[in-house]
There are 2 protein chains.
Amino acid sequence: MLAGNGSDELLAMIFRATLGRGDTVAYPVPTYSLYDTLAAIQEARVLKFPVGRDFAVPLDALARARARLTIVCNPNSPSGTLTPAAKLDELARRLRGRLLVIDEAYADFADENALSLVRRHANVAVVRSLSKSFSLAGMRLGLCFAHPPVIAELLKVKDSYNLSRIALAAGAAALDDAEWMRRNVERVRRTREATEARLRKMGFEVPPSQANFVLARIAGRDMGPIARGLRRAGILVRYFPTPLLRDALRISIGTPSEMAALFRTLKPLVSAQDKPRKARR
Amino acid sequence: MLAGNGSDELLAMIFRATLGRGDTVAYPVPTYSLYDTLAAIQEARVLKFPVGRDFAVPLDALARARARLTIVCNPNSPSGTLTPAAKLDELARRLRGRLLVIDEAYADFADENALSLVRRHANVAVVRSLSKSFSLAGMRLGLCFAHPPVIAELLKVKDSYNLSRIALAAGAAALDDAEWMRRNVERVRRTREATEARLRKMGFEVPPSQANFVLARIAGRDMGPIARGLRRAGILVRYFPTPLLRDALRISIGTPSEMAALFRTLKPLVSAQDKPRKARR
């Protein structure tokens, strides 16, 4: 196990340790956008495999690509959908000799996780974050679990003294209080279910989320105006202005009263047809 | 200006942003050992120029080398000696078009610094640390000053969210209280002068230090046994088992009572001849 200055730093270390110019890295799209940035820094060759129906991760394509580095964010972002651990087990087996990174930033919110694969496969690394389920985003703490030879490679590119003493103390205290985290997760999961149900009632498609956010979509409708309307009311949701995702919003799960405020603002925005604005007089 | 997770992270960013495989990086030796590590990670070609008499930095050789990246630690480690800013000004001028990094981790303890060169030269970056003069080593905070195009290159390789909110708050509060730092520095400088005088009286050569440590040397005498004797007494000093430095110790300046404890243990160790140990009965 190796602690990092946020799981983002651990991902950056993995890219630095694994990829030189022209080496291949494979992951599904859409997924966490940081992977593109890290691949560009390494001048690596990116192999992107589109997710399938219901955002299913293209496991067979990833296995056949046999990239030097394969990453699966699980649950994935922005869909929130989960790939079963048994399928990742098979992917790891097929990728033997190549590193498979499972980015479990949101795993505490899911019904299962793939941490046990680290014991079974020398080529699997699981990355965790204390920023989500432990609510310690401002502290910058992540964890990477992998066999010692993988960790040894990361240590070669690790910044010296990359963790503050305060982050280490806070992280140790947080991990000692996993009960707090589980209560936090239960709250988020309850609110997530209620949010999904309400969004579906409003006409959104919502893939079943196993994360602390949901993806709400109305096929073919550009969500830009709705995202801007929410922003004007001080409500920040994620809008992706890409062909694949412009008809969807990623909505983080807040407290029940925050979600109530979201729906108060969202309803009239969804009901309103997008009209061209009148010219100002 | 760019803040980093310690000045070490800023140096790592500079290496990542500047050097590809085979690119040249030049610095004097001996100096801060991290530069070797960072160069190895980038697979860069290192041009090392030995310091001269009295640990003078070989400015002309560095200028003529015109490496892609040149680094001068000033005051230098482990000698504590200072290169005048006027000489670095000339070096920057001669290196025009190539980046000159001045690592000023210890500059607050010196009579002058080279920060003003950043305004005059587009190719100069000055790196500072809050770990020494501000006593915030555990917080991991460093600063890099350079023209915007240099900072823009560093941002390209910066880890996302590399600073904790607590470090940012602590750093802002520390910089607001520069008066505390100056009083701290004055204490260290007074103790440093007393320490240098006392070491010289004991027979050590001590180059005039402008840092928060001194280098104490007895030409030709291996300091290994003395360093181990100090360690047994719970006093940690730096011993470098290299041909160039094995006859020297780098001693950090502590409180006056810590220095008194050092000298109590050091004196008998220095007086004792290094005798082969008797075989145990």
Side-chain angles (χ1 to χ4, degrees), chain A residues 3-23 32-44 103 105 127 129-132 135-142 153-171 173-174, chain B residues 3-23 32-44 103 105 127 129-132 135-142 153-171 173-174:
Chain A
N5 184 31
S7 59
D8 286 350
E9 191 203 35
L10 289 163
L11 291 165
M13 280 188 226
I14 289 167
F15 274 68
R16 275 175 214 141
T18 312
L19 301 173
R21 184 178 299 170
D23 287 337
Y32 183 27
S33 59
L34 180 69
Y35 309 154
D36 283 346
T37 306
L38 297 177
I41 291 173
Q42 298 306 115
E43 303 180 72
D103 180 352
V127 174
S129 171
L130 274 75
S131 298
K132 324 289 184 187
S135 304
L136 286 178
M139 197 60 77
R140 310 312 302 143
L141 255 181
E153 289 303 304
L154 300 187
L155 287 173
K156 286 184 189 170
V157 298
K158 189 182 86 63
D159 280 345
S160 40
Y161 316 114
N162 59 327
L163 290 176
S164 83
R165 291 180 67 167
I166 288 177
L168 288 169
Chain B
N5 184 30
S7 58
D8 285 350
E9 191 203 35
L10 289 162
L11 291 165
M13 281 187 225
I14 289 166
F15 275 68
R16 276 175 213 141
T18 312
L19 300 174
R21 184 179 298 170
D23 287 338
Y32 184 28
S33 58
L34 180 69
Y35 309 154
D36 283 345
T37 306
L38 296 178
I41 291 173
Q42 298 306 115
E43 302 180 71
D103 180 352
V127 174
S129 171
L130 273 75
S131 298
K132 323 290 182 186
S135 303
L136 287 178
M139 197 61 77
R140 309 314 300 144
L141 256 181
E153 289 303 304
L154 300 186
L155 287 173
K156 287 184 190 170
V157 299
K158 189 181 86 62
D159 280 345
S160 40
Y161 316 114
N162 60 327
L163 290 176
S164 83
R165 291 179 68 168
I166 288 178
L168 288 169

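Below, read A as the first sequence line, B as the second, and so on, with proteins coming before strands; counting in each chain starts at 1.
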A side-chain contact here means heavy atoms from C-beta on lying under 4.5 Å apart; do B:Ile166 and A:Met139 qualify? yes
With respect to chain A, which residue among B:Ala40, B:Ser160, B:Gly20, B:Ala17 yields the maximal number of heavy-atom pairs within a distance under 4.5 Å? B:Ser160
Applying salt bridge (charged side-chain N to carboxylate O under 4.0 Å, His left out) as the test, list every pair that has at least one member in residues 10-22 of chain A; sequence neighbours left out. A:Arg16-B:Asp159, A:Arg21-A:Glu43
Give me the contact list for residues 5-15 of chain B versus chain A, heavy atoms only, anything under 4.5 Å, ordered by residue number. B:Asn5, B:Asp8, B:Glu9, B:Ala12
Which bit of B:Leu34 comes within less than 4.5 Å of chain A, counting heavy atoms only: side chain, backbone, both or neither? side chain
